[in-house]
Amino acid sequence: MKNTILDYTKEELSDIVKPSFRAKQIFNWVYQHYVDDFEEMKNLPKDLRKALEDKYIINPLTIVRKEVSSDGSIKYLFACQDGYTVETVLLPMKKEERDETGKVKKETKYTICVSSQVGCKIGCAFCLTAKGGFKRNLTPGEIVAQVLSLKKDQNIAPNRRLNIVYMGMGEPLDNLENVSKAVSIFKELDGLAIGARRQTISTSGLSHQIAKLGDMDLGVLLAISLHAVDDRLREQLMPINKAYNIESIIKAVKAFPIDQRKRVMFEYLVMKDLNDDLNSAKKLVKLLHGIKAKVNLIYFNPYPGSPFQRPDEKTMEKFKAYLNDHGITCTIRQSKGLDISAACGQLKEKSKDEIG
Ligand code: SAH
Ligand code: SF4
């Protein structure tokens, strides 16, 4: 199996290809022109192209499957070189706006949700990814390739602004080395140029890793998958809570360096009759006291055999209103792509039956 050049920052690549300006040229071909064959890099000398061809590949992912939802989100299933598959979702967050003459006034805002591992070790009771167990970490190049492949496939202009959320399959902080490397590669100005403040890392709450990520001072935004406000329920939903309880997470969040204009996002997956009561909302307000937080309520998305149920809309609205009334910004995540097996792991499960 060959290495991919998507694994490298520009600085690393300039140690490999000499003289160093070649790295900039390669970045330009790959990330601005979506070229996936060294042969097409016409301003590189022939022998360099050949040497690169012998040793490296460009994109390690191939598209296995694509599902388009009625709301415009598109879910991709990619195969890695070793045959493992991962999911990536393109979410158009705001629709395009045009003026009276039909000219585009505001472009659609895109967010891409990337996977960081094949499977996941954390084993949350509500999550389909957990069911398949853990296979392996994704390499930095495999994380970067998800965005690159999707941009190319969707004909998204290279300079188009994008946000990245590490909310696909896997626990990003359990693969911190490769994820932080991917963050840096995404940031490269001659590459995809996605600034750290446009990248959000979501974690199930590995407190010691949150501290490590903070020490790296990458400038990324943080999202915490909280889902419960007391340790007993959280342990049942997320066994990792036995090792890192709610108090330890809150402490780690308080110590995390974050841009003064930004907030830490707390994700709260709402399950009917389990954590959807106003008493939980009250505890949540208390818990977040002193943190510049925003809460994102997520409807539990049922799958065949899932032990939980989707909450009703009224209950969600009440929960949200309680938080808003008590000074906490709260939004309800519109279940993007519900009709395309929205929650992580679901497209993959489906494809198992079809492609083995
Ligand atoms: N492992 C990290 C990041 C990816 S998890 C974390 O847990 O934060 C991906 C997201 O999908 C999480 O926010 C999780 O709460 C959500 N999710 C998992 N199963 C779901 C389901 N059945 N319905 C709705 N959201 C789900
Ligand atoms: Fe892993 Fe996140 Fe799924 Fe939990 S919710 S099993 S941490 S991917």
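Numbers here are sequence positions counted from 1. These numbers come from the heavy atoms of this one structure, side chains and all, not from hydrogens, waters or symmetry mates. In listed order, ligands and their atoms are each counted from 1.
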Heavy-atom gap Ser225 to ligand 2 smaller than 4.0 Å: no
Can you tell me if Gly170 contacts ligand 1 (heavy atom of the residue under 4.0 Å from the ligand)? yes
Hey, which atoms in ligand 1 end up nearer than 4.0 Å to a heavy atom of Glu267? 13 (O)
Nearest to atom 5 (S) of ligand 1 by heavy atom, Gly168, Cys124, Ser202: which? Gly168
Carboxylate-amine/guanidinium contact Glu53 Lys2, below 4.0 Å: no
Which atoms of ligand 1 are found less than 4.0 Å from any heavy atom of Tyr166? 3 (C)
Under 2.8 Å: N/O/S of Cys127 next to atom 4 (Fe) of ligand 2: no
Can you tell which part of Cys124 has a heavy atom less than 4.0 Å from ligand 2: side chain, backbone, both or neither? both
Side chain, backbone, both or neither: which applies to Asn301 and ligand 1 if a contact is any heavy-atom pair less than 4.0 Å apart? both
Please could you name the atoms of ligand 1 that Tyr299 approaches to less than 4.0 Å, counting only its heavy atoms? 24 (C)
Nearest candidate to atom 2 (Fe) of ligand 2, where distance is taken over non-hydrogen atoms, out of Gly123, Ala130, Gly170: Gly170
If hydrogens are left out, which of His227, Met167, Met238, Arg333 has an atom nearest to atom 14 (C) of ligand 1, that is, the closest non-hydrogen atom? His227
